[in-house]
Amino acid sequence: MRQRPPLTPIISALPSTVPFVGPEAQERDRGRAFRARIGANESSFGPSPRVIARMAGIARDMWMYCDPDNHDLKLAVAAHLGVGAENVVVGEGIDGLLSLVARMYVAPDNAVVTSLGAYPTFNFHIAGVGGRLVAVPYDRENLDGLLAAVARDKAPLVYLSNPDNPMGSWWEAAELIRFIEALPETTMLVLDEAYGELGPASALPPIDISRPNVIRMRTFSKAYGLAGIRCGYAVADAQVIRDFEKIRNHYGVSRMAQIAGVEALADQDYLQSVVTRVASGRQRIAEIAEANGLKPLPSATNFVTIDCGRDGAFALKVLQALLSRDVFIRKPMVPVLDRCIRVSVGLDHELDIFAEELPGALAAARGD
């Protein structure tokens, strides 16, 4: 048998796993498409018409490499948020930026604090650099619990999402400011605001680039309807941004993504129309859940988490029954969150399908 080049000890110790199994993989396994794709927290409403038109108009230019400096998009983000371009870094969605943060701040066996059941891709990247995850139980983000874990384990990095996934809850800005002020100066906070445009404005603290231990991350994947282009950005102290520049993939964000991002930021009227439609969709999902005896949780995102009222095994049966009825949803997998399913806001016809199929899925889960 031929020998293989050795992996690093960190990589060789990792299991062969991925954070998510995409709906495309599930469709390949099933041999048919889903009728309702309401599980990945995408925006079925799509991007702004002006973004679509701009993307169509530049398709011929895709023979050129992207601008490795992301110059125009950085300027657009900076103007949108009222900061300097030196305070912005652009990456391949928040996922790509989280990978860089893990490399920047986590040495092997360093403690990294997060919430149990929070965004699994963050955990994936921390494991990839040999970090040691310290998970704080929650039904919503437990700010005091996170602070206590940071202090106990002397963690160099803590992850917090607001509004949060997978429960959809949020903290008001005053509570987040209290949390930030209580953090040790030697602990970097990643504040994931992927759903920030969709929640109340009062949940977003003012951007404060004077704090060298806070990185704010946002994306074009949710409210802006551009999940397929993989583009996001981080805002932070200028030295933190310079540190990103040391290791980021300078050709990682495509020409199409950069131009689409600029156009998306320029069309705030369309963004507000999407926010309104998402709020209506959340209400519709909540009504469907309540009509079936389930409990929808308050949400400031583009999904609604629904408490199925029993244990994780029952909620898993509900999910599986919906998948078998061609309705793609997801669910939290850690106790006690696993008693819930999570349904993304979709187009009207997708929510009609969900309403039609949920009663049968519940009956199947109960064994009726």
Side-chain angles (χ1 to χ4, degrees), residues 15-42 114-124 127 133 135-142 161 163-169 281-282 284-299 301-346 350-368:
S16 296
T17 184
V18 295
F20 296 104
V21 178
E24 294 82 3
Q26 295 183 47
E27 288 175 333
R28 288 191 291 270
D29 289 343
R30 290 153 34 88
R32 65 182 188 276
F34 289 112
R35 293 184 294 141
R37 179 174 169 137
I38 49 175
N41 302 343
E42 301 150 319
T114 184
S115 298
L116 184 64
Y119 192 41
T121 302
F122 176 74
N123 302 354
F124 181 80
L133 282 164
V136 175
Y138 83 131
D139 270 345
R140 66 183 294 189
E141 294 279 15
N142 181 345
S161 60
D164 84 70
N165 178 22
M167 305 308 280
S169 58
R282 289 197 303 254
R284 175 88 193 283
I285 294 170
E287 291 169 354
I288 293 168
E290 289 170 343
N292 286 273
L294 307 180
K295 180 184 178 182
L297 305 183
S299 174
T301 67
N302 64 350
F303 63 84
V304 177
T305 299
I306 300 171
D307 190 334
C308 292
R310 299 194 187 183
D311 58 11
F314 177 76
L316 182 60
K317 289 178 181 178
V318 175
L319 176 140
Q320 291 170 336
L322 284 167
L323 294 177
S324 72
R325 289 162 169 78
D326 301 331
V327 179
F328 168 63
I329 66 165
R330 283 190 171 132
K331 70 179 296 298
M333 297 305 291
V334 302
V336 291
L337 312 185
D338 61 353
R339 68 186 188 276
C340 300
I341 58 173
R342 194 194 69 188
V343 181
S344 305
V345 171
E350 293 178 299
L351 297 187
D352 289 344
I353 292 168
F354 175 60
E356 292 165 3
E357 298 296 347
L358 182 57
L362 290 167
R366 290 190 298 260
D368 294 352

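Computed from heavy atoms alone, side chains included, the values below leave out hydrogens, waters and symmetry copies.
Under the 3.5 Å distance criterion, the side-chain polar atoms of Arg32 are left unmatched by any main-chain donor or acceptor of Asp326. Looking only at distances, no side-chain donor or acceptor of Ser115 sits under 3.5 Å from a matching main-chain atom of Glu141.
With rounding to the nearest 0.5 Å, the separation of CG in Asp29 from CG in Leu323 is 11.5 Å. In this structure, the separation between CE on Met167 and CG on Leu297 is 5.0 Å, given to the nearest 0.5 Å. Distance CZ/Arg366 to CZ/Arg310: 6.5 Å, rounded to 0.5 Å. A distance of 4.5 Å separates CG in Asp307 from CZ in Arg339, rounded to the nearest 0.5 Å. With rounding to the nearest 0.5 Å, the separation of CD in Glu24 from CZ in Phe34 is 9.5 Å. Considering CZ of Phe328 and CZ of Phe354, their distance stands at 13.5 Å, rounded to 0.5 Å.
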Side chain to side chain donor-acceptor pair (under 3.5 Å) between Asn165 and Arg342, worked out: CA-CA 10 Å; Asn165 178 22; Arg342 194 194 69 188; 2.9 Å; yes
Residues Phe314, Leu362; criterion side-chain contact (heavy atoms from CB on, under 4.5 Å); working and verdict: CA-CA 9 Å; Phe314 177 76; Leu362 290 167; 4.3 Å; yes
Trace of the side-chain contact (heavy atoms from CB on, under 4.5 Å) decision for Leu319 with Ile329: CA-CA 7 Å; Leu319 176 140; Ile329 66 165; 4.2 Å; yes
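Here the closest non-hydrogen pair linking Tyr138 and Pro166 is OH-CD, 3.0 Å. Cys340 approaches Thr305 most closely through the heavy-atom pair CB-CG2, 3.5 Å. The minimum heavy-atom distance between Ser344 and Asn41, with the atom names listed, is OG-OD1, 2.7 Å. Residue Cys308 comes nearest to Val318 through the heavy atom pair SG-CG2, 4.5 Å, listed as atom of the first residue, atom of the second, then distance. Nearest approach of Ala315 to Ile341, heavy atoms of both residues: O-CG2, 3.8 Å. Summarising the geometry of Glu350 relative to Ile38, their closest heavy-atom pair is CB-CG2, 4.0 Å, with the distance given to 0.1 Å.
Between Asp352 and Arg35, no side-chain nitrogen of the basic residue sits less than 4.0 Å from a carboxylate oxygen of the acidic one, so the salt-bridge criterion is not met.
Under the 4.5 Å side-chain criterion, counting only non-hydrogen atoms from C-beta, Arg330 is in contact with Pro23. At a threshold of 4.5 Å between non-hydrogen side-chain atoms, the residues Val343 and Ile288 do not count as touching. Under the 4.5 Å side-chain criterion, counting only non-hydrogen atoms from C-beta, Ile285 is in contact with Ile306. Side-chain contact between Asn142 and Pro137: absent, with no pair of heavy atoms (C-beta onward) separated by less than 4.5 Å.
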